[in-house]
Structures are given as C-alpha cells and as structure tokens.
Amino acid sequence: AQSVTQLDSHVSVSEGTPVLLRCNYSSSYSPSLFWYVQHPNKGLQLLLKYTSAATLVKGINGFEAEFKKSETSFHLTKPSAHMSDAAEYFCVVRRDTGNQFYFGTGTSLTVIP
Amino acid sequence: DTEVTQTPKHLVMGMTNKKSLKCEQHMGHRAMYWYKQKAKKPPELMFVYSYEKLSINESVPSRFSPECPNSSLLNLHLHALQPEDSALYLCASSQDRGGAQPQHFGDGTRLSIL
C-alpha cells in the first residue's frame with residue numbers, strides 16, 4: 001500500500017531564510033515521488049520528481065529534495081525563501097503500476113517580509 | 001503556461017442547471033483525471049480515464065458524468081448539483097501506467113452552486 005505524510009500543515013519562514021517541508025512515504029515498491037506547488041486559484045505545478053536516477057533532485061525555482069530510503073523521506077528544501085514561494089505544497093507518490101497517485105495533506109508555506 | 005487547458009475558469013450555476021466542464025491536452029497522454037478540491041485540502045480523485053475508457057470511478061454521485069470523446073479531450077457533465085459540490089475542479093493528464101512520470105494539471109474550474 002502507498003501513503004504519504006506531510007509532517008507540517010503550516011510552515012512560516014522569514015524571507016531569505018531556508019525552507020524545509022517534510023514528507024514521509026510508505027510504499028510496497030520503489031516509489032516515484034513528486035513535489036507540487038499550488039498558488040491560490042491555480043492548478044498544481046510540478047516542482048520536481050524522484051525517479052531513482054539520483055537521490056538528490058533539483059527542481060524549478062531553486063527547490064531541491066533528497067530521497068532517503070532508510071528514512072522513507074523526501075523532504076523539500078530551498079536555501080533562501082522568496083515572497084513568491086508563499087503557497088500550498090503537496091508531496092505525491094505514484095504507484096509503480098497503474099494510474100494511482102497518492103497525495104499528502106499539504107503544507108501551507110508563509111513567507112514573512 | 002499550463003499544457004492542460006480547462007474551460008471555463010469560473011462557473012456559477014443553480015441546482016437545476018446542466019453544464020459541462022472541458023479539459024484539453026496535446027501532450028499525447030493517454031491517462032486523464034478529474035479531481036475535486038476544497039479549500040486548503042488536497043485534490044480528491046473522482047475519475048480516471050485510460051485510453052479513453054473509464055478505469056476508475058471513486059464512487060462519485062451520478063450527478064457528475066464524465067466523458068472522454070478522444071485522447072485529447074475530457075469532459076465533466078454536471079446536473080442537479082448540490083451546494084456542497086462547490087469547489088475547484090481540476091483536470092490532469094499523464095502517461096498511462098508511466099511509472100516515474102508525473103501528472104500535469106490544468107488551472108481548474110472554480111464552480112459555485114447557488
């Protein structure tokens with residue numbers, strides 16, 4: 001069975017400070033993992049994806065995530081937060097067969113000027 | 001710019017109306033999805049189409065009727081909706097059974113039921 005846990009429902013950081021959004025997964029198989037961002041009244045935009053080629057994945061807008069199999073984690077980080085990063089973030093796991101995607105409950109990121 | 005296009009962006013309808021939401025993609029994806037999203041919640045899966053055939057229906061009420069006329073188009077027909085159906089409706093597409101491939105989302109239709 002697959003499931004995703006986002007450990008923080010809300011994270012608040014100051015502009016220019018690092019961002020850490022935490023995600024843990026459970027999967028019976030080698031998972032495909034994704035991070036999406038959603039700005040108000042918009043769809044979900046793909047930030048990055050883990051596909052087993054490399055454990056450190058770089059995405060758009062300066063975000064990156066590290067896949068740690070031993071910890072079943074896929075945390076999202078960014079060295080320096082920007083005001084435009086304020087949004088909802090979703091961690092998603094895809095079952096390796098079929099068309100099922102499993103969403104975390106989301107983390108709302110606030111960036112304080 | 002999103003590669004999945006949804007129309008209309010906003011829709012207000014009464015409980016007795018009939019309307020349709022439309023979704024289009026030209027990425028050659030053969031899996032297409034409808035999601036319902038309430039504020040501050042993750043998307044909830046409604047339907048999945050695989051090669052234009054309905055493969056997953058998450059026990060959605062019959063007042064929602066999906067249709068996939070061809071590999072690029074996905075419709076959601078609405079009839080006799082309830083106020084609790086007000087939400088953001090998202091369409092997505094992906095490679096079918098694509099393992100490591102992600103979904104691509106449209107910007108959604110904001111639906112309000114009067």
(request) Go through A:Gln38 and B:Leu90 one step at a time and tell me if the side-chain contact (heavy atoms from CB on, under 4.5 Å) criterion holds. (result) CA-CA 12 Å; A:Gln38 186 177 30; B:Leu90 293 165; 4.3 Å; yes
(request) Would you mind reporting whether A:Ser32 and B:Gln101 have side-chain heavy atoms less than 4.5 Å apart? (result) no
(request) Output all residues satisfying side chain to side chain donor-acceptor pair (under 3.5 Å) with B:Gln103, sequence neighbours left out; order by chain, then residue number. (result) B:Tyr35
(message) Under the rule for side chain to side chain donor-acceptor pair (under 3.5 Å), what residues qualify as partners of A:Asp8, not counting sequence neighbours?
(response) A:Arg22
Side-chain heavy atoms under 4.5 angstrom apart, residues restricted to Ile, Leu, Val, Met, Phe, Trp, Tyr: same cluster for [X] and [Y]?
X: B:Leu11; Y: B:Leu88; result: no
X: A:Tyr89; Y: A:Met83; result: yes
X: A:Phe74; Y: A:Ile60; result: yes
X: A:Leu20; Y: A:Phe34; result: no
X: B:Leu45; Y: A:Val4; result: no

(message) Only heavy atoms, only distances under 4.5 angstrom. Which residues in residues 100-113 of chain A are near chain B?
(response) A:Gln100, A:Phe101, A:Phe103, A:Gly104, A:Thr105, A:Ser108
(message) Heavy atom to heavy atom, less than 4.5 Å: which residues from residues 41-50 of chain A reach chain B?
(response) A:Asn41, A:Lys42, A:Gly43, A:Leu44, A:Leu46, A:Lys49
(request) Measure the spacing between CG of B:Asp96 and CG of A:Asn99 and express it to the nearest 0.5 Å. (result) 4.5 Å
(message) Counting only heavy atoms not in B:Met15 (residues, nucleotides, ligands), do more than 12 fall under 6.0 Å from its CE?
(response) no
(message) Restricting to non-hydrogen atoms, name the atom on B:Lys41 and the atom on A:Phe90 that form the minimum distance, rounded to 0.1 Å.
(response) O-CZ, 3.7 Å
